[in-house]
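As structure tokens, the structure follows; a few thoughts come after it.
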Amino acid sequence: MEAKMPPVIQTREIADYVGQEVIIRGWVYNRTHKGKLAFLLVRDGYGFVQCVAFKGEIDPELFETIAHIPQESSVLVTGTVRADRRAPGLPGGFEIGITGFEVVQAVVGEYPISLKEHGVDFLADHRHLWIRVPSQWAILRVRSTIISAIREWLDNNGFTLMDTPILTPAACEGTTTLFGTEYFDEGTAYLAQSGQLYNEANIFAFSKVYCFGPTFRAEKSKTRRHLIEFWMVEPEMAFCDLDGLMEIEEQFISHIVQRVLRDCRNELLSLGRDLSVLEQIVAPFPRISYDDALAKLTEIRAETDDPELKERLNIQWGDDFGSPHETELTKLFDKPVFVYGYPTGAKAFYMEPWPGRPDVSKSVDLLAPEGYGEITGGSERISDPDLLLERIREHELPEDAFRWYIDLRHYGSVPHSGFGLGVERTVAWICGIDHIRETIPYPRLINRVYP
RNA sequence: UCCUCGGUAGCUCAAUUGGCAGAGCAAUCGGCUGUUAACCGAUGGGUUCCUGGUUCGAGUCCAGGCCGAGGAGCCA
């Protein structure tokens, strides 16, 4: 009788194969050998598993091959799965006793990324290889799950996906600097910084919509929370006021966090994330007005003995919050907190004024806990055509370019609201990592477009 | 754009007052039956970011530049 080939399995399902012979197709992440005993830590894209070979149990030549296989060589490992508490991996606790071993390609020379520490510049230069290490692999798996959860919730809650253009005719909000590019005979086109204005048209056809795509900001920002190219999901809802907006946001964010907890437990644990912190991220979220937040900050500033913090927290009514303010505010809560009712002057032109207080807008930012800061920004939009035109003129925006946008308010205008969620900031918060550059496969920073 | 700090072996870093350029890891070879970034021994490995200056002598001091990091502003 012909010998049956063992099944090729994924390391994440290894617990189901204890006692069976299986094949793992992957890459050697680490190798160590101790005389007649050799250990390989093999990754296959779904996890990491330790494979063990004993000299004497297998062909001596094969043992030498295993004991000397260079890091990152591609291999086919055949062996029997067994549970062993000592075995590292993801999920750990299982290992494979090697019975067969085939080298697909043996790495020649040095693999640049060792298991020792590296500097950020070196790692960034080798991002194409860096994504293989467990921490980066885990972060990017969480990112994928977050994006899946975003789409899942919106698709299941009556939202229609509307892809808004990436090449746009003019400044959408007139605030940030845009990337320009030559556009045939039409002059300069700009890379989108938001799909919101288009979504405001889309809701009149589909009621609830979202766009999801890359966003480009040519700002010379150089901080741990800024990318030049980042991904943003922007839901927009007809017949929705500021309160309705906050309810949707908290349901949406809660779903994302709980879905990651369900599907990426091992990844989060491998990143050292405290899961209990994430487990309490369930709607409703606390809400605080800009006025009250400002009062709290003034209080904190008065109480601190740190002269540096005192200086950094210096703020007057009308100013937008900077990151020091956001950090101090979020320390007061263990859930994300809504800050609503920002001064009109600090926000974009299209925001509906507060009833009876024209200097305040019906705007709301959601600040993530643990100092991660703003992850969403949204507002109720102006629905009156005359007020909108007035605002466009006040902001000295090109009236012609906004003709279609004002037009929307003439044909069945309704109260409507929307927000934008920054995917990378959300990934950074949920994973508990310091810098946004690790939350996207190939980050674009002010001083980096390679690789 | 502003403020602060940094640039030495493939990587991470050390080098006393200005006095012979060093270590660990990685690579190559050898040893070891439970390693967790294994360990032990051996071998090879340098434009000290660049340009100019001071000095008998510069990785070290001075001037200018380049590159990077952290923070600020702006924002998601």
Side-chain angles (χ1 to χ4, degrees), chain A residues 29-41 48 50-57 63 67-68 70-72 84-90 92-93 95 97 107-126 129 133-134 173 175-177 193-196 214-234 308 311-312 314 319-327 342 346-348 365-368 372-378 419-429 434-437 439-440 445-448:
Chain A
Y29 176 66
N30 192 20
R31 180 204 76 216
T32 174
H33 58 101
K34 195 174 164 28
K36 292 173 181 147
L37 181 59
F39 299 97
L40 301 182
L41 193 56
F48 294 70
Q50 174 164 279
C51 305
V52 188
F54 286 102
K55 200 174 192 171
E57 285 183 7
F63 182 83
H68 291 95
Q71 185 190 2
E72 289 305 318
D84 191 316
R85 281 191 181 180
R86 294 169 296 186
L90 202 142
E95 64 180 21
V107 168
V108 178
E110 290 179 44
Y111 180 68
I113 299 188
S114 72
L115 272 59
K116 299 281 178 180
E117 283 175 28
H118 295 285
V120 288
D121 193 39
F122 176 83
L123 289 170
D125 277 339
H126 295 84
L129 305 175
V133 313
E173 304 184 11
T175 48
T176 60
T177 318
Q193 60 156 322
S194 165
Q196 179 205 316
T215 299
F216 307 89
R217 306 271 166 101
E219 285 292 329
K220 294 191 172 176
S221 306
K222 187 176 171 294
T223 82
R224 66 177 61 191
R225 53 173 76 171
H226 285 87
L227 291 168
I228 300 303
E229 176 184 307
F230 65 96
W231 286 68
M232 185 159 69
V233 57
E234 294 176 279
E308 210 172 298
E311 177 56 35
R312 281 149 58 99
N314 192 10
D319 297 339
D320 203 355
F321 294 140
S323 28
H325 310 107
E326 289 183 359
T327 303
Y342 284 85
K347 290 287 177 184
D365 287 352
L366 183 66
L367 309 182
Y372 282 95
E374 185 179 349
I375 52 172
T376 79
F419 69 97
L421 171 89
V423 168
E424 289 75 16
R425 286 188 183 175
T426 305
V427 176
W429 164 50
D434 287 340
H435 204 295
I436 199 165
R437 66 181 152 228
T439 63
I440 186 167
L445 303 169
I446 183 169
N447 53 355
R448 177 169 294 281

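Everything quoted here is computed from the prediction, not taken from an experiment. So you know, we letter chains A, B, ... as the sequences are listed, proteins then strands, and number each from 1.
Nucleic acid contact for A/H435: sugar-phosphate only, since backbone atoms but no base atoms lie under 4.0 Å from a heavy atom of the residue. No engagement by A/R31 is indicated, since no non-hydrogen atom pair under 4.0 Å with the nucleic acid exists. Note on A/T426: nothing from the nucleic acid sits closer than 4.0 angstrom, heavy atoms only. If you check every strand for non-hydrogen atoms under 4.0 Å, A/Q71 touches nothing. Base engagement by A/E95 is indicated by at least one non-hydrogen atom pair under 4.0 Å involving a base atom. Within 4.0 Å (heavy atoms only), A/D365 reaches no atom of the nucleic acid at all. Across all strands, A/G373 comes closer than 4.0 Å to no nucleic acid atom at all (heavy-atom distances). The residue A/L227 sits close to a base: some heavy atom pair falls under 4.0 Å. No engagement by A/T215 is indicated, since no non-hydrogen atom pair under 4.0 Å with the nucleic acid exists.
Residue A/N30 places none of its side-chain N or O atoms closer than 4.0 Å to OP1 or OP2 of B/U35. Side-chain N/O atoms of A/S323 include one lying less than 4.0 angstrom from OP1 or OP2 on B/A72. Between B/C75 and A/R224, no contact under 4.0 Å exists linking OP1 or OP2 to a side-chain N or O.
Put simply, the side chain of A/E234 gets close to the backbone of A/G195: a donor and an acceptor are under 3.5 Å apart. Of the possible donor and acceptor atoms, one in the side chain of A/R425 sits under 3.5 Å from a partner among the backbone N and O of A/E374. For A/Q71 (side chain) and A/R31 (main-chain N/O), no donor-acceptor pair under 3.5 Å exists by modelled atom type. Under the 3.5 Å distance criterion, the side-chain polar atoms of A/E229 are left unmatched by any main-chain donor or acceptor of A/F216.
Atom-to-atom, CZ of A/R85 to P of B/U35 comes out at 16 Å; the value is rounded to the nearest Å. As a whole-Å value, the separation of A/I113 CD1 from B/C25 C1' is 15 Å. Between the CG atom of A/N314 and the C1' atom of B/A72 there is a distance of 14 Å, given to the nearest Å. With rounding to whole Å, A/I446 atom CD1 is found 16 Å from B/C75 atom P. To the nearest angstrom, P of B/C75 lies 18 Å from CD1 of A/I375. What separates CZ of A/R437 from P of B/A69 is a distance of 6 Å, to the nearest Å. Between A/H226 atom NE2 and B/U1 atom C1' the separation is 14 Å, expressed in whole Å. A/K34 places its NZ atom 5 Å from the P atom of B/G34, with the value rounded to the nearest Å.
When Watson-Crick and G-U wobble pairs are counted only if both distances are under 3.5 Å, B/C20 pairs with no nucleotide at all. Look at B/U4: its Watson-Crick or wobble partner, with both distances under 3.5 angstrom, is B/A69. Under the Watson-Crick or G-U wobble criterion, with both distances below 3.5 Å, B/A9 is left unpaired in every strand shown. Applying the Watson-Crick and G-U wobble criteria (two distances, each under 3.5 Å), B/C29 pairs with B/G41.
Remark: A/D319 engages no residue in a salt bridge (charged side-chain N to carboxylate O under 4.0 Å, His left out) (not counting sequence neighbours). Legend: residues meeting ring-ring contact (aromatic ring centres under 6.0 Å, His included) with A/F39, ordered by chain and number and at least two apart, are absent. For the ring-ring contact (aromatic ring centres under 6.0 Å, His included) test, no residue two or more places apart in sequence or in another chain qualifies with A/H226. Residues passing the ring-ring contact (aromatic ring centres under 6.0 Å, His included) test with A/Y111, sequence neighbours excluded: none. In this view, A/F48 and A/Y29, A/W137 satisfy the ring-ring contact (aromatic ring centres under 6.0 Å, His included) rule, not counting sequence neighbours.
Closest-nucleotide positions on RNA chain B for A/H325 and A/L115 were compared, and the one nearer the 5' end corresponds to A/L115. Residues A/R448 and A/I436 each lie close to RNA chain B; by heavy-atom proximity, the contact nearer the 5' end of the strand is made by A/R448.
Atoms CZ and OH, on A/R224 and A/Y372 in that order, are 8.5 Å from each other to the nearest 0.5 Å.
For B/A76, the base is stacked against the aromatic ring of A/F230, per a cut-off of 5.5 Å between centres and 30° between planes.
Taking atom C1' on both nucleotides, B/U47 is separated from B/U43 by 25 Å, rounded to a whole Å. The separation of B/G7 from B/G44, taken at their P atoms, amounts to 29 Å, rounded to a whole angstrom. Comparing B/G64 with B/C75, their C1' atoms sit 35 Å apart, to the nearest whole Å. Using C1' as the reference atom, B/G22 and B/A9 are 10 Å apart when rounded to the nearest Å. Comparing B/G41 with B/G46, their P atoms are spaced 24 Å from each other, to the whole Å. Rounded to a whole angstrom, the distance from the C1' atom of B/G19 to that of B/G10 is 30 Å. For the C1' atom pair drawn from B/C66 and B/C49, the interatomic distance equals 7 Å after rounding to whole Å. Using C1' as the reference atom, B/C13 and B/C29 are 27 Å apart when rounded to the nearest Å.
The side chain of A/R217 lies closest to B/C75 when the candidates are B/G70, B/U33, B/C75. Distance from the side chain of A/L37 is smallest for B/G34 among the nucleotides B/C74, B/G34, B/C75. Distance from the side chain of A/R425 is smallest for B/A76 among the nucleotides B/A69, B/A76, B/C74.
The aromatic rings of A/H118 and A/F122 sit parallel to each other, their planes meeting at less than 30°, with 60° as the upper class boundary.
No hydrogens or angles were tested; on distance alone, a donor-acceptor pair under 3.5 Å links the side chain of A/S221 to the base of B/C74. Residue side chain A/R225 does not reach the base of B/C74 through any donor-acceptor N/O pair under 3.5 Å, judged by distance alone.
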Discussion item. Using a 4.0 Å heavy-atom cut-off to protein, can you give one letter per nucleotide of nucleotides 8-13 of chain B, 5' to 3': B if the base is in contact, S if only the sugar-phosphate is, - if neither?
Written reply: ---SS-
